Every structure is written in structure tokens, then in C-alpha cells.
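Everything quoted here is computed from the prediction, not taken from an experiment.
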Amino acid sequence: MSILLTGGAGFIGSHTAVELINAGYDVVIADNLSNSNKKVIDRIEKITGKRPKFYEIDVAIKEELYKVFDENNIEGAIHFAGFKCVPESTKIPLKYYRNNLDTTLSLLEVMKEYNCNAIVFSSSATVYGDKNPVPFKEDMPVGGATNAYGSTKLMIENILTDVVKASDGFSAVMLRYFNPIGAHPSGLIGEAPDGIPNNLMPYVTQTAIGVRDHLIIYGEDYNTHDGTGVRDYIHVVDLARGHVAAIKYATEHLGIEAINLGTGNGNSVWDVVHAFEKANNVKIPTAIGNRRPGDIDECYASVDKAAKLLNWHAELTLEDMCKDSWNWQRNNPKGYED
Ligand code: UFG
């Protein structure tokens, strides 16, 4: 029995592949490498001693998925495949709707044809919008996404809800990620953004290594303890372990659950910058810039449901996240490129 990871060569997918293999699962990765690198497969093998089966396919194309399901006994799927760049999604929304919805619809149709009844979906804390008080709890109203990326996450949560309602025996866990950072402690896999990073930690590590001049802090007038935006940063290895617990849950329980994966702690941009400088003994040049449109004051998780249903909680600290992010960046200054 194998677990299929769509988009399994990406940042979160590759770390999840490692944790699944470590937990004894057979892993099959389907990825078109649109935002990832084939070397990831070698690195997963290097870390775990076991090579995941790899299909370089577009998950939106059902004929290609049939081959994966014909050649493997897929017990459940973890669906990472999708575009994730928030600013790009506001500029080219159709690219996001087409890809993120098509990959999901094709996967669900093929799963049903093959009687594969358990799915874990990469959702996002963005579904909570900007009207809810922190900490965000799974039973709060969702909606009000400010960009097409976030809208696709909401739409896919709705699709999964309808599919589970209509099908006997189908189960889904929608994992709402907070802010995954860090890297595998081996330094062999990590986040490798294409071009100028949009997210905080890759920008910090690229500044530390000198690829970027300085970090611009997007606003110092938020309603937070030091005026900069507060987020729930979670180590990607903790996040990956949450997926192992979630796929186990989905294969053993019927129905649908939305579950937050965060630490429950909020840290500001300054908290992250100072923790990074302290953990790694480096200096990050900074400048204060304008607010970034769509950013909210605070975003952190209620973590009780993950503890109760999945028996999972985050264990690694902000210091671990800073050390491992830097270790990855230093060992791979150009990501997966030579
Ligand atoms: N920030 C800076 N400078 C930068 C980059 C970010 O100050 O160069 C700040 C942001 O303003 C924010 C914080 O750092 O306060 C975190 O920003 P990120 O871009 O790293 O992450 P976001 O919280 O904006 O977005 C992340 C994911 C989204 C997801 C969202 C869910 O990138 O995919 O969390 O809440 F939708």
C-alpha cells in the first residue's frame, strides 16, 4: 500500500515524503516540476535510504494519473500540487483557478474510479480571512480571501465537503497551514523559491548570504507588540509529521475535518529577525517599508483540534527553524541548482 503525494517534490511535499518513509510508508510522488527540482528525489533517498517512486506528470491530466493508479496500490493521497504565489495570483488569477482546481478535480475523479477513499489536502490559514479574532479556530466562519490563491483554497475546501457528503466511505482532512519555515536538519532539502522570494524566511536567508541587500519590513504600524505583523511560524518537519498523522486519520475515519497545523504561538517580523541573528550569529540589514496590501495584524492557530484528533503537536522551536533555514541556505546557496 502506498501514499500518493501530488506536488511531492515541493517544499512541504518533500519533507512529508521523508517523514512518511521514516514512518514505514511506501511513497509515490507525482509532480510536473513546475516549481521544484528532480534532484529532490535523490535527496529524499539520501536522507531516508529509500527512493520514492517518481512520476513526472501533470496531475490535472487524468490519463497520466491513471498510469500512477494502475501501477501502484494507492491507499490514500496527499494533495500538495498547486500554485502558491499570492502576488502572482492577483495578477494572473485564471492561471491559479485553472491549475489549482483542475489538479484537484482530476485527482478526485481518478481516486473515486479506483476506490481510493482518503485524501489530505494542503489548505491554508488564509481561509480565515481578516474578520476573525486570533487564535483562529477550525469552527470559525471562513471566507473573504483577498487573492485568487486564497480563493482556490476556499473553493477546494467546499469541493471536498460536497464530495464527502455525497460519497459513502470517502474521507478528507483539510490541513490549514500557518507559516511553514525551516528545513530538514540534514541541509539536503529546503525551500527553493524561484526568483525574488515573497515570504519572510527565504528573504531573510538570502539577505544573510548576501544575495539580497537588505530585508524590507512591510510596516511597523500594525496593532501588535512591536508594530510588525505577527504570524504562527512552524518548522516544516513538524508540519510534515502532521501530514503523517493526518493520512493515518483519514484512512481510519469517515467524514471530513479541517485541522490547523501551527504552533499556537505568534511571532512578529522583528522577533524572527532577532531570533535568526541570535541563532546564527549573523546580521540582517533591514529597512522599514510600507504595508503590503492584504496583510493582517496577527495570524496564529488554535492547536487543540490537531492535538485531540491527530495526537500531534509542534515540537521544534523558533531557534530550530532559524538554524535549519540557515543551514539549508548555506549548503545550497542557489537552491537545487549547481
Ligand atoms: N514580511 C516582511 N518582509 C518581507 C516578507 C514578509 O516584512 O520581505 C512580513 C509580512 O508583512 C508578514 C510576515 O512577514 O507580516 C510573513 O509574511 P510571509 O509572506 O512570509 O507570509 P504570509 O503570512 O503573508 O503568508 C503565508 C503564506 C500564504 C498563506 C498565509 C496564510 O505565504 O500562502 O501565510 O495566512 F496564505
**Report entry** Cation-pi, Y222 ring and R291 (6.0 angstrom, 45 degrees)
**Finding:** yes
Query raised in the report: For the atom pair OG1 (T16) and CD1 (I21), what is the distance rounded to the nearest 0.5 Å?
Result: 11.0 Å
**Report entry** Within residues 223-256 or reaching into it, pairs that qualify as ring pair (Phe, Tyr, Trp, His ring centres under 6.0 Å) - sequence neighbours excluded
**Finding:** F80-H243, Y177-H243, Y249-H253
Query raised in the report: Is NZ or CZ of K95 both nearer than 6.0 Å to the six-membered ring centre of F83 and within 45° of the ring axis?
Result: yes
Query raised in the report: Excluding sequence neighbours, so at least two apart, what forms ring-ring contact (aromatic ring centres under 6.0 Å, His included) with F69?
Result: Y114
Query raised in the report: Can K38 be said to sit on top of F54's aromatic six-ring, NZ or CZ under 6.0 Å from centre and within 45° of the ring axis?
Result: no
Query raised in the report: Does E157 come within less than 4.0 Å of K153, counting only side-chain N to carboxylate O?
Result: no
Report summary line: By side chain to side chain donor-acceptor pair (under 3.5 Å), T161 pairs with (sequence neighbours left out) none
Report task. Answer yes when K50 and D26 have at least one side-chain N-carboxylate O distance shorter than 4.0 Å, and no when they do not. Result -> yes
Query - Nearest-0.5 Å distance, OG1 of residue T224 to CD1 of residue I296 - result: 12.0 Å
Query raised in the report: Is there a side-chain contact between T6 and T103 (heavy atoms, below 4.5 Å)?
Result: no
Query raised in the report: Are the ring centres of Y149 and Y96 closer than 6.0 Å?
Result: no
